[in-house]
Amino acid sequence: MASGEDPFGCLKLASHECLISQDRRTVCPKCQLSRKYFCYTCYVLVAELEGKVPKVKLPFKVDIIKHPKEVDGKSTAAHAAILAPDDVRIYTYPIIPEFSDPNKVVIVFPGLNALSLEDLSKRQQGLLKGKDKNTAKPHTTTEEGRDTENGREEQLKDTVQDIQKQSEEVREPPVKRQRTEEKLSTPFERVIFIDSTWNQTHRIFNDERLKGLQCVILKDHVTHFWRHQRDKPDTFLATVEAIYYFLREYHDIFVGAAYDGRFDNLLYFFSFMFQIVQKSKQEKDRAKDP
């Protein structure tokens with residue numbers, strides 16, 4: 001990314017003016033510890049910002065399982081819990097939420113059985129297609145069809161139409177298929193994210209209580225996190241970035257309508273802090289110049 005370029009410029013973000021004007025530290029209304037914008041242990045805003053920061057409504061519940069060694073003040077999981085308080089919960093391992101129906105839960109992790117959201121939708125689409133198989137027009141193979149010219153023409157016509165229909169179904173993206181056949185319901189109600197470094201994450205993922213959950217992987221997205229994991233590619237996302245991109249992929253695949261920016265404010269704090277870090281780096285670079 002070029003110096004000074006804003007990777008969040010195309011997002012529909014609420015104004016950061018209230019954060020900019022918050023020029024002093026205050027106390028958390030719950031634990032009374034010193035905080036600037038929000039409390040990263042109680043997941044609440046400071047009193048001065050209450051009612052001024054946007055809220056985001058999610059289409060499903062998000063559970064974040066945080067490694068106990070993950071530093072609260074450095075994690076972006078708190079961003080999601082504060083901006084989407086009705087739908088996001090954070091648990092510190094070994095605490096893990098209970099699931100009434102594990103079949104309605106997915107975990108974002110590259111496990112052996114991991115599927116992309118697009119593959120998950122295709123699997124769901126396959127179940128819907130199965131309902132329509134018996135309604136398709138049967139291919140004619142009777143003796144009458146072979147003995148008459150009209151029968152052969154009708155048979156050939158049916159065959160060509162069947163092939164064309166199947167070809168169109170293959171070419172159509174999952175979203176278009178669901179519009180023309182049947183509304184595709186979301187095959188999950190809860191999504192689990194693990195908040196930890198890559199080296200720590202396996203301990204949580206291998207917990208017996210998470211065994212058997214469907215793993216989901218995201219497409220590659222470049223992180224803009226200022227605390228990059230050493231020796232890891234730039235596709236290793238911060239927790240709030242992973243949640244945001246999951247929502248974007250979910251919307252594109254399962255909703256289908258043009259994206260309207262409804263989840264962009266999930267990056268409200270992240271984009272603001274990114275700008276602060278970038279500004280600080282630029283000032284340090286200028287100070288080094290003779």
Side-chain angles (χ1 to χ4, degrees), residues 1 5-20 37-38 43 45 49-64 76-89 104-106 108 115-125 128 171-193 216-225 235 237-275:
M1 183 183 68
E5 183 180 342
D6 181 8
F8 309 102
C10 61
L11 302 186
K12 294 181 179 179
L13 295 168
S15 171
H16 288 140
E17 190 56 40
C18 64
L19 302 183
I20 296 172
Y37 306 109
F38 56 82
Y43 312 126
L45 294 164
L49 293 179
E50 191 63 45
K52 299 179 181 178
V53 169
K55 300 295 183 185
V56 183
K57 180 63 181 173
L58 307 186
F60 41 74
K61 301 302 180 182
V62 169
D63 295 316
I64 302 172
T76 64
H79 299 188
I82 294 167
L83 294 167
D86 294 336
D87 301 308
V88 177
R89 292 291 180 271
K104 290 291 186 178
V105 182
V106 297
V108 180
L115 298 174
S116 66
L117 281 176
E118 185 172 0
D119 287 339
L120 202 61
S121 74
K122 288 179 180 179
R123 188 170 73 179
Q124 182 83 344
Q125 190 74 17
L128 294 173
R171 290 196 303 267
E172 284 181 13
V175 169
K176 186 174 181 181
R177 290 203 301 271
Q178 77 181 50
R179 285 175 180 167
T180 57
E181 295 171 6
E182 186 173 335
K183 179 64 177 178
L184 187 63
S185 60
T186 307
F188 52 84
E189 296 174 353
R190 309 189 75 87
V191 184
I192 300 174
F193 292 84
V216 172
I217 53 175
L218 297 174
K219 297 177 182 178
D220 284 345
H221 302 278
V222 175
T223 184
H224 296 294
F225 194 31
T235 53
L237 304 173
T239 299
V240 75
E241 286 181 300
I243 298 172
Y244 172 74
Y245 284 120
F246 185 98
L247 286 161
R248 285 297 310 269
E249 290 186 26
Y250 161 84
H251 186 274
D252 291 343
I253 293 169
F254 288 96
V255 178
Y259 180 66
D260 56 5
R262 66 185 65 182
F263 305 127
D264 289 0
N265 275 321
L266 206 60
L267 296 178
Y268 180 75
F269 289 122
F270 188 87
S271 59
F272 177 71
M273 293 177 182
F274 173 86
Q275 293 171 3

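Any value given below was found using the heavy atoms of this structure, including those in side chains, with hydrogens, waters and symmetry copies removed.
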Enquirer: Of all the heavy-atom pairs spanning Glu118 and Ile253, show the shortest one and how long it is.
Expert: N-CD1, 3.4 Å
Enquirer: Do the non-hydrogen side-chain atoms of Pro85 and Lys55 ever get within less than 4.5 Å of each other?
Expert: yes
Enquirer: Between Val106 and Leu115, is any pair of side-chain heavy atoms under 4.5 Å apart?
Expert: no
Enquirer: So Asp87 and Lys61, salt bridge (Lys or Arg N to Asp or Glu O under 4.0 Å) or not? Walk me through it.
Expert: CA-CA 5 Å; Asp87 301 308; Lys61 301 302 180 182; 2.8 Å; yes
Enquirer: Quick one: are Pro59 and Thr186 in side-chain contact, heavy atoms under 4.5 Å?
Expert: no
Enquirer: With sequence neighbours left out, what residues match Phe60 under ring-ring contact (aromatic ring centres under 6.0 Å, His included)?
Expert: Phe188, Phe246, Tyr250
Enquirer: Which word best sums up how the rings of Phe274 and His224 line up, parallel for under 30°, tilted for 30 to 60°, or perpendicular for over 60°?
Expert: perpendicular
Enquirer: Could you check whether any side-chain heavy atom of Arg89 comes within less than 4.5 Å of a side-chain heavy atom of Val62, counting everything from C-beta outward?
Expert: no
Enquirer: Is Leu247 close to Leu58 at the side-chain level, that is, under 4.5 Å between some pair of heavy atoms?
Expert: yes
Enquirer: With heavy-atom distances below 4.5 Å as the criterion, would you say the side chains of Leu266 and Ile243 are in contact?
Expert: yes
Enquirer: Do Arg248's NZ or CZ and the ring of Phe263 fall within the cation-pi criteria of under 6.0 Å and 45°?
Expert: no
Enquirer: Before you tell me yes or no, could you show the steps for Ile192 and Val105 under side chain to side chain contact (heavy atoms under 4.5 Å, CB included), namely the whole-Å CA-CA distance, both residues' side-chain angles and the distance that decides it to 0.1 Å?
Expert: CA-CA 8 Å; Ile192 300 174; Val105 182; 3.7 Å; yes
Enquirer: Of all the heavy-atom pairs spanning Thr223 and Ala238, show the shortest one and how long it is.
Expert: OG1-N, 4.0 Å
Enquirer: Do we see a donor-acceptor contact under 3.5 Å between the side chains of Tyr245 and Asp220?
Expert: no
Enquirer: So if I apply the ring-ring contact (aromatic ring centres under 6.0 Å, His included) rule between Phe272 and each of Phe8, Tyr37, Phe38, which one comes out positive?
Expert: Tyr37
Enquirer: Between Cys18 and Leu49, what is the shortest heavy-atom contact and its length?
Expert: O-CD2, 3.5 Å
Enquirer: Check step by step if side chain to side chain contact (heavy atoms under 4.5 Å, CB included) holds for Phe254 and Leu117.
Expert: CA-CA 9 Å; Phe254 288 96; Leu117 281 176; 4.2 Å; yes
Enquirer: Judged by atom type as modelled, is there a donor-acceptor pair below 3.5 Å linking the side chain of His16 to the main-chain atoms of Ser271?
Expert: no
Enquirer: Nearest 0.5 Å please: distance from the CG atom of Leu83 over to the CZ atom of Phe269.
Expert: 5.0 Å
Enquirer: Considering non-hydrogen atoms only, spot the tightest contact between Tyr268 and Ala14 and give its length.
Expert: CE1-O, 3.4 Å
Enquirer: Does the side chain of Gln124 pick up a donor-acceptor pair with the side chain of Ser185 at under 3.5 Å?
Expert: yes
Enquirer: Taking all non-hydrogen atoms of both residues into account, name the closest pair between Leu237 and Val222 and its distance.
Expert: CD2-C, 4.1 Å
Enquirer: Is any side-chain N of the basic residue among Asp86 and Lys57 closer than 4.0 Å to the acidic one's carboxylate O?
Expert: no
Enquirer: Just how far is it from atom CG of Asp6 to atom CD of Gln275, taken to the nearest 0.5 Å?
Expert: 5.5 Å
Enquirer: Which heavy-atom pair separates Lys219 from Glu249 by the least distance, and what is that distance?
Expert: N-OE2, 3.0 Å
Enquirer: Do Leu267 and Val240 come close enough that some side-chain heavy atom pair is under 4.5 Å?
Expert: yes
Enquirer: Between Glu241 and His79, does any side-chain donor sit less than 3.5 Å from a side-chain acceptor?
Expert: no
Enquirer: Are more than 12 heavy atoms from other residues, nucleotides or ligands located less than 6.0 Å from atom NZ of Lys12?
Expert: no
Enquirer: Considering only heavy atoms from C-beta outward, does the side chain of Leu11 approach that of Tyr244 to under 4.5 Å?
Expert: yes
